[in-house]
Amino acid sequence: MSLQPLSVAVIGAGMAGRSHASGYRQVNTVFGEGLPPVRLAAIADANEQLARDAARRYGFEKAVSSWEEVVEDPSIDVISIVVGNSLHRPIAEAAIAAGKHVLCEKPLAGSMEDAQAMVAAEQSADVVTAVGYTYRRSPAIAAIRDHVQNRELGELTLFDGRYWCDYACDPRGPLTWRYRGGPGSGALGDIGAHVIDVGQFLCGPVVSVSGAVLSTQIAERPLPLGAVVGHHAAPVSEEMGEVENEDTAVFTARFESGLSASFSVSRTAFGMPNGLAFDVYGLDGRASFDWHRPSEYLVDDRQTEARTRGVRQVIVGPQMPYFAGGYPMEAPGVGGGNAEMFVYQCRAFLDQIVGTPDPLPRNATFADAFHTMQIVQAVVESAQSDGAATEVPTAVPTH
């Protein structure tokens, strides 16, 4: 193991940026040796007070107010990009050109053009690039994937995925960047990207969508009077602005295998703080997961004795991916949450950078995330064509 520190910085000090910062702080506490010392170099945010607070909380050396300062710092090796989608491309391109490894939050970019340019940068880069789809790191979801890949559920017959949130239910919630951008950049691109990725993580690539409907429940929102962090409430003016994207999206999909699926996403589902959930059915079994109960999943299969068949609650424990070596207390029923998944994601990214001998599974690439955006774009096109079936490109353009 190299003794030369690996210097990391996080651009963006909101709730997701803090999750990356916390992840980097803990990467050397999980899964044994293999990484060099990690230097927590900088947190950058245009809101300098927010950056200072995040740097203090997570032990980073300094806070800066511009992403350029991070990119131009020759001592920094690794950057997480955790800011508004429209900024992903310029930061990623500059960071890659400066020889820095880049972990970017999803969705990949604010437009298909920007996303394609980022894929081109990845293809020509001599650095590691990745995208954060954190739900892949859930021990329960990874265990269900093992059931699927081991054919323990038999031939798959249906996937039903949903991601229902309530962060946009308040009509006095401020008009932030999340509500700007065209169709597909709202709930579909924000939270839908996650459940689409989970569907593909379990069942393979999506090749077409149909029956899409996009809707906006709150058409106008008040303009904020200052900076807004995450989904938090903030002082607003009496001046209103138009919401430019969707609050809710529903659609069906077909996977490359021929499997059919249904998806629904909403940011205006009252009482659902973070409701990612799915069911996957096969001829010989089924499995279900609900993020509101992250330390368990449900499974049913063809047991030998028919009298004892029925759905079983499986408690997350050391027998599942990520758990052994990933929790301070390695005992069933004591772990499962959002913060741990960011630790595993950051660890997997650094594993890939340094080439550890027993690395965690790699993160998604820019090209993978571009494919997810192609699915989102196909959903938009389907909705604009009264639900018509729309093909999803199977190959990422090369340059």
Side-chain angles (χ1 to χ4, degrees), residues 2 4-13 16-17 19-21 23-24 27 35-36 38-46 51 60 62 64-134 189 193 197 342 345-356 359-360 362-374 395-399:
S2 170
Q4 182 66 33
L6 197 61
S7 297
V8 303
V10 177
I11 299 175
S19 297
H20 280 250
Y24 286 124
V27 288
L35 290 183
V38 174
R39 173 187 167 226
L40 306 177
I43 302 281
D45 199 286
F60 281 68
K62 64 179 180 179
V64 299
S65 60
S66 75
W67 64 262
E68 291 90 348
E69 188 170 344
V70 168
V71 169
E72 293 166 4
D73 185 340
S75 74
I76 293 175
D77 307 303
V78 179
I79 291 176
S80 272
I81 302 174
V82 202
V83 291
N85 304 337
S86 63
L87 289 173
H88 290 185
R89 175 184 176 180
I91 298 175
E93 288 180 331
I96 290 170
K100 302 185 190 305
H101 308 285
V102 176
L103 174 59
C104 184
E105 261 301 324
K106 44 52 61 190
L108 181 61
S111 70
M112 296 298 292
E113 179 184 0
D114 283 356
Q116 192 165 333
M118 290 175 68
V119 172
E122 175 179 69
Q123 291 170 343
S124 62
D126 191 28
V127 294
V128 176
T129 52
V131 177
Y133 286 111
T134 50
D197 182 72
F342 278 93
Q345 175 177 280
C346 290
R347 174 64 190 250
F349 185 50
L350 299 187
D351 278 351
Q352 188 177 351
I353 290 170
V354 303
T356 56
L360 295 186
R362 293 185 175 192
N363 290 298
T365 64
F366 283 8
D368 294 329
F370 179 70
H371 179 68
T372 301
M373 288 187 65
Q374 289 178 309
V396 175
T398 58
H399 297 265

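Predicted model, so just to flag it, every value in this text is computed and none were measured.
- The side chain to side chain contact (heavy atoms under 4.5 Å, CB included) test with Val8 singles out one residue from Ile76, Leu103, Val78, and that residue is Val78.
- Using a 4.0 Å cut-off between a side-chain N of Lys or Arg and a carboxylate O of Asp or Glu, Asp73 and Lys62 qualify as a salt bridge.
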*asked:* Go through it in stages, so that I can follow the logic: the residues are Glu105 and Ile81, the test is side chain to side chain contact (heavy atoms under 4.5 Å, CB included), and I'd like the CA-CA distance, side-chain angles, deciding distance and then a yes or no.
replied: CA-CA 6 Å; Glu105 261 301 324; Ile81 302 174; over 6 Å; no
*Where do Ile79 and Val71 land on the side chain to side chain contact (heavy atoms under 4.5 Å, CB included) test, with the steps shown first?*
CA-CA 8 Å; Ile79 291 176; Val71 169; 4.1 Å; yes
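- Taken to the nearest 0.5 Å, the CE atom of Met373 stands 11.0 Å off from the NZ atom of Lys106.
- Atom-to-atom distance recorded for Asp368:CG and Tyr133:OH is 8.0 Å, nearest 0.5 angstrom.
- Taking 4.5 Å as the limit, some side-chain heavy atom of Gln345 sits within range of a side-chain heavy atom of Asn363.
- Closest approach of Phe60 to Ala41, counting heavy atoms only: CD2-N, 3.7 Å.
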Expected list for residues 107-114: side-chain donor-acceptor pairs under 3.5 angstrom, two or more places apart:
from: Ser111; atom 1: OG; to: Asp114; atom 2: N; distance (Å): 3.1
from: Asp114; atom 1: OD1; to: Arg89; atom 2: NH1; distance (Å): 3.0

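- Each of Val27, Leu360, Val128 was compared with Asp351 under the side chain to side chain contact (heavy atoms under 4.5 Å, CB included) criterion, and only Leu360 meets it.
- Note that CZ of Arg347 is 13.0 Å distant from OH of Tyr24, once rounded to the nearest 0.5 Å.
- Screening Ile11, Val102, Val82, Val83 for a side chain to side chain contact (heavy atoms under 4.5 Å, CB included) involving His88 leaves a single residue, Val83.
- Between Gln4 and Pro36, the shortest heavy-atom contact is O-CB, 3.3 Å.
- For Glu93 (side chain) and Ala121 (main-chain N/O), no donor-acceptor pair under 3.5 Å exists by modelled atom type.
- The nearest pair of heavy atoms linking Ser80 to His20 is OG-ND1, 2.9 Å.
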